[in-house]
Chemist: 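The structure is given below, and queries will be raised subsequently.
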Amino acid sequence: MGQDVKVDRVIDARGSFCPGPLMELIKAIREAKVGEVISVYSSDSGSKRDIPLWVEKAGHELIGVFDRNGYAEFIVRKKR
Amino acid sequence: MKKVLILGGGVGGTIVANVLARKVSPSEANITLVDATGKHTYQPGFIYVAFSDAKPENLVRNERSLLDKHINLIIDEAILIESNERRVRLKSGRILEYDYLVVATGARLCPEELPGFKAAHHFYDLDASIRLRRALDNFPGGRVVIGIGGIPYKCPPAPAEAACQLDYYFTRRGSRHKAEIHYLSPLPRVFPLESVAPLVQEIMESKNIQYIQLFNVERIEPEKGLVHSLEGESLKYDLLIVVPPHKGAKVIEDSGLGDKGGWIPTDKYTLRVKGYDDIYAIGDATDIPISKAGATAHYEAKIVAENIAAEIKGSGMIKRYDGKVRCFCDAGFKKGITMVFDYEHPPKPTRLSRKWYYAKMLVGKLYWSLVLKGWA
Ligand SMILES: Cc1cc2nc3c(=O)[nH]c(=O)nc-3n(C[C@H](O)[C@H](O)[C@H](O)COP(=O)(O)OP(=O)(O)OC[C@H]3O[C@@H](n4cnc5c(N)ncnc54)[C@H](O)[C@@H]3O)c2cc1C
């Protein structure tokens with residue numbers, strides 16, 4: 001599947017346009033412990049721009065972005 | 001005779017109860033609604049208390065007056081859901097049994113979760129909206145900053161709407177030139193809906209509303225008049241408006257039914273609480289990743305009422321929720337925008353128009369008579 005990190009939490013935000021997958025990710029990162037890995041599924045076309053931008057600005061790590069069947073998966077590690 | 005128990009008499013709970021009361025006869029089901037206050041508040045009106053001239057007393061009605069006469073209303077707080085025993089404990093000590101439970105306990109504001117929040121204003125409950133209005137009336141001029149202090153929060157477009165209302169408020173008072181308005185967006189755009197964000201950005205620019213993107217409010221430092229973001233930025237303010245952090249109701253946490261934020265894991269199509277076939281959750285209380293909005297609670301409530309009625313009558317589940325939400329946002333100066341979307345269809349771009357402002361006002365008027373009764 002193109003990844004061998006252990007994912008601690010999966011957020012299925014497919015079908016969410018408002019508030020949208022990035023908001024779900026921000027919520028999950030706030031709740032997570034440093035070092036935890038979160039995977040977000042998104043069918044919102046804006047996520048490919050939004051999620052990497054936020055992850056970089058907030059100082060976390062984007063482990064990867066994977067095209068799945070009809071959606072994208074973003075894997076992010078909380079760094080601080 | 002089946003017992004249907006509904007927790008929460010807000011948008012979702014009231015509509016479920018009223019629609020169900022029309023679909024099943026009193027001999028088929030006993031419908032009981034428990035609400036902690038017995039008062040029903042029209043929350044979209046808070047914006048008009050804070051930034052316009054809405055009268056607070058017009059936003060509140062007795063829940064009893066909004067319910068079908070066959071529905072039992074109990075004014076009490078649910079404190080524990082004992083799902084194995086199919087019963088709910090109330091604060092008064094009363095215990096209610098159920099065959100079907102609908103949890104519609106909404107969201108709880110938790111300002112204490114954000115360090116320094118005491119220095120901020122908000123418009124997410126009636127008292128705070130009244131206080132904000134007073135603060136604006138006495139505002140000598142300076143920088144007004146509006147931001148978001150936690151995710152999720154009710155009505156994702158509301159803070160951007162409030163920024164536009166601030167502009168309208170100061171313009172009407174003739175003091176717009178004395179106020180700088182800064183909007184802090186948690187996202188890399190000014191509005192949650194991607195297809196609508198360019199229009200909202202244009203609207204903000206035309207109103208001289210300044211914005212900072214990717215600014216999730218994390219901490220307030222009142223002594224220095226500074227608001228700090230999760231992303232490491234800071235901004236000075238003279239008057240600060242922050243959407244308080246939200247959590248699910250305490251009874252959800254205490255009953256072990258919620259996730260970390262107290263939101264109930266709910267199947268986004270059937271609206272059943274995951275792992276249960278006799279408990280439904282609707283509205284703000286769920287963990288479904290869509291808008292926490294009255295419109296969401298409204299559509300969900302109608303689906304749940306129909307499906308419970310079908311189960312009681314023995315015809316099985318019939319409908320699935322498709323994620324439909326429709327909302328109207330007031331951009332000030334009697335103009336607005338609208339958005340409709342569901343799980344499969346992102347919203348189409350919209351246009352700024354008087355029509356959508358008046359549509360929003362009309363929904364407010366029809367809310368008590370049509371929406372809550374489940375006729376709309
Ligand atoms: C400023 C603002 C503007 C908004 N604008 C819009 C808008 O334009 N359009 C829109 O669609 N939505 C809007 N909303 C959102 C909308 O008001 C909510 O999403 C909606 O009310 C949710 O309905 P609900 O039934 O889930 O919860 P609520 O309507 O909040 O009802 C929850 C009820 O549960 C009761 N309760 C809680 N805990 C217990 C307990 N333990 N026991 C018994 N009772 C309990 C409460 O007393 C309350 O009556 C806005 C909200 C705000 C704050």
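Residue numbers begin at 1 in each chain, while the letters A, B, ... track the order of the sequences.
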Chemist: Verify the neighbour count for atom CD of B:Glu113: are there more than 12 heavy atoms of other residues, nucleotides or ligands below 6.0 Å?
Modeler: yes

Chemist: Test side chain to side chain contact (heavy atoms under 4.5 Å, CB included) on A:Arg14 and B:Tyr343; report intermediate values, then the result.
Modeler: CA-CA 7 Å; A:Arg14 285 175 291 179; B:Tyr343 293 141; over 6 Å; no

Chemist: In a table with atom names and distances, give each donor-acceptor pair under 3.5 Å that connects a side chain of residues 20-35 of chain A to protein atoms at least two apart or in another chain.
Modeler:
from	atom 1	to	atom 2	distance (Å)
A:Arg30	NH2	B:Val217	O	2.8
A:Glu31	OE1	A:Arg9	NH1	2.8

Chemist: Less than 4.5 Å to any heavy atom of chain A: does that hold for the side chain of B:Lys268, its backbone, both, or neither?
Modeler: side chain

Chemist: Please examine the side chains of A:Phe17 and B:Ile290, heavy atoms only from C-beta on, and report whether any two atoms are closer than 4.5 Å.
Modeler: no

Chemist: Is it the backbone or the side chain of B:Gln213 that comes under 4.5 Å from a heavy atom of chain A, or both, or neither?
Modeler: backbone

Chemist: Only counting residues at least two apart or in another chain, list the ones meeting salt bridge (Lys or Arg N to Asp or Glu O under 4.0 Å) with B:Lys348.
Modeler: none

Chemist: I need the minimum non-hydrogen distance between B:Glu194 and A:Ser45, along with the two atoms involved.
Modeler: OE1-OG, 3.0 Å

Chemist: Which of the residues B:Gly261, B:Pro192, B:Pro347 is involved in the greatest number of heavy-atom pairs with chain A at under 4.5 angstrom?
Modeler: B:Pro192

Chemist: Pick one of side chain, backbone, both or neither for B:Asp259, based on which atoms fall under 4.5 Å of a heavy atom in chain A.
Modeler: side chain

Chemist: Checking B:Phe191 against chain A: side chain, backbone, both or neither under 4.5 Å from a heavy atom?
Modeler: neither

Chemist: Is it true that atom NZ of B:Lys260 has more than 12 heavy atoms of other residues, nucleotides or ligands lying nearer than 6.0 Å?
Modeler: yes

Chemist: Minimum heavy-atom separation for B:Ser291 to A:Pro19, with atom names?
Modeler: N-CD, 3.7 Å

Chemist: Please report the shortest heavy-atom distance between B:Leu214 and A:Lys57, naming the atom on each side.
Modeler: CD1-CD, 3.9 Å

Chemist: If you count heavy atoms of other groups shown closer than 6.0 angstrom to NZ of A:Lys79, is the number above 12?
Modeler: no

Chemist: Relative to chain A, which of B:Met339, B:Glu233, B:Lys292 shows the most heavy atom pairs under 4.5 Å?
Modeler: B:Glu233

Chemist: Near B:Arg351 CZ, under 6.0 Å, is it more than 12 heavy atoms from other residues, nucleotides or ligands?
Modeler: no

Chemist: Do you know the tightest heavy-atom contact between A:Cys18 and B:Phe341?
Modeler: CB-CZ, 3.7 Å

